[in-house]
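Order of the sequence lines sets the chain letters (A, B, ...), proteins ahead of strands, with each chain counted from 1. Side-chain atoms are counted along with the backbone in the values below, which use heavy atoms only and exclude waters and symmetry mates.
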Amino acid sequence: MRPTVYVADIAQHEGREVTLHGWLHNRRSSGKLHFLQLRDGTGFLQCVVFKGNVTPEVFHEADHLPQETSLTVTGTVKKDPRSPIGYELDVKDLAAAARPAREFPLGHKEHGVAFLMEQRHLWLRSQRQQVILRVRHTVEKAIRDFFDGRGFTLVDAPIFTPSACEGTSTLFEVPYFDLGKAYLTQSGQLYMEAAAMALGKAYCFGPTFRAEKSKTRRHLTEFWMVEPEVAWMDLEGDMQLMEEFVSFVVQAALGKHGRELKEVLERDVSKLEKVQAPFPRITYTEAVEVIQKTGHPMKWGDDIGGDEETLVASAYDRPVMVHRYPAEMKAFYFKKDPDDPRVALGCDVLAPEGYGEIIGGGQREDDLAVLEAAIAHHRLPKEAFEWYLDLRRYGTVPHAGFGAGVERMVAWICGLHHVRETIPFARMMERITP
RNA sequence: UCCCCAGUAGCUCAGUCGGCAGAGCAGGUGACUGUUAAUCACCGGGUCGCAUGUUCGAGUCAUGCCUGGGGAGCCA
């Protein structure tokens, strides 16, 4: 095999004869010219087969190769203003490595969502899905870079857990030897609190599972979440961390994929350019007033649902931070506001353009007696939380953190209708294959 | 768990009042020296989701079921 040249590096080879490996993405013909669109994972390159430049056998084959044939092409790299990437390959020779055993199911016209999800393993080959997967990769790398650059330590949380972290959501149950039932994690937060008491600043980044029967564009049963936790941090510090985190990740994705977002995904990137800290902050109480002013029926104590989220978020051109929710609506571990015990020191970040909650977090209850009372109030089994209570028994400190959903962030950044396209193989209530 | 919608060719869909199963794309055979989802001509392609019922006759009407999609609740 000759050293492989990639489409992404094609400009370096102008005027030279090179060999590329890839797949036949599409093919057009115009008599004595065949146009082959070669896809190699790094980009798309038009290979021009002129009848006078190749053998009759090669010319005939070039007009009969099916879509997604794997092939090797040799030719001269030529500059051409008609090409979207500025270059074409003037083909001298080509050989099919493997013709498809049967017709490739995905054409270049429209397909329905259900069919595309059934063919997800093949759908990934489309330009659009390639861009989304690359943005996801960049988002995940930016997440790591952000925390690593601020002295956080990555601490992997367990996937098997003995019980619910929050006691509300439905969990996936699995048999666990002689110990009975285990559950797939729905949050690594409690473990990160333990890690923060050891390392000061810690975060976990991994899959999370929710067995809720949610059928919406914002839900998956298996999704990825990053959860930082910081000792000696209050809600104010936490909110500052949130806005700096979101800004960093969005700008990283924009910097690396701005052109693809614009050209392939048709994203209005000017809206992403505005995503710079600080973000607007309003209390839950203020949010309720904003919602009421729009004529939407709502009273203090009601949850902010999807419609209400959009009403609040659409008032700003940046993500909005809604803090100090009614304590009754939040999990047992949230610390109550000393100035108003009706509300918890929690904060949600709502993305603009109707993408909803991308972050949830806040300051944790650090007082042993108050936390014990909260566990009792929520009717949770105290035995299961003894280790968690130990964190308050041995040198308790104020601490805070949050959880950010990767798929919702990617969907927002890419401007997608549904989170299922942001994860390589989505797991949903009605789908577990491929 | 609840509400709404859809299921007809490989794919996307049309199918009127209940009366012979259709189109575009994809595939095949050709034409064309600049195509960008190329275009043009011709050809092949059907368990109308499943079951029961009404009817002389059901893709079409009724009931039930299955599958999928959208949303609510809940959440990231």
Practice task
Going 5' to 3' through nucleotides 42-47 of chain B, assign each nucleotide B (protein heavy atom under 4.0 Å from a base atom), S (under 4.0 Å only from sugar-phosphate atoms) or - (no protein heavy atom that close).
Solution key: ------
Problem - For RNA chain B, the dot-bracket pattern of Watson-Crick and G-U pairs whose distances stay under 3.5 Å, | for other-strand partners - result: (((((((..((((.....[..)))).(((((.......))))).....(((((..]....))))))))))))....
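- Using atom C1' as the reference point in both B/G70 and B/A31, the two lie 46 Å apart (nearest Å).
- Counting any heavy atom pair closer than 4.0 Å across all strands shown, A/L220 reaches a base atom.
- As judged by a 4.0 angstrom heavy-atom cut-off over every strand, A/D80 is placed among the base-contacting residues.
- Within 4.0 Å (heavy atoms only), A/F50 reaches at least one base atom of the nucleic acid.
- The same atom, P, is picked in B/G64 and in B/C4; the two are 12 Å apart, to the nearest Å.
- Residue-level contact check: A/A114 touches the backbone only, with heavy atoms under 4.0 Å from sugar-phosphate atoms and none from bases.
- Closest to the side chain of A/F35, out of B/C32, B/A72, B/G34, is B/G34.
- Residue A/E407 is classed as having no contact, given no heavy-atom separation below 4.0 Å to the nucleic acid.
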At a cut-off of 3.5 Å, list every protein nitrogen or oxygen paired with a nitrogen or oxygen from nucleotides 1-11 of chain B, distance to 0.1 Å.
from  : atom 1 : to     : atom 2 : distance (Å)
B/U1  : OP1    : A/K213 : NZ     : 2.7
B/U1  : O4     : A/K213 : O      : 2.7
B/C11 : O2'    : A/E110 : O      : 3.2
B/C11 : O2'    : A/H111 : ND1    : 2.4

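- Here A/G360 lies in heavy-atom contact (under 4.0 Å) with sugar-phosphate atoms only.
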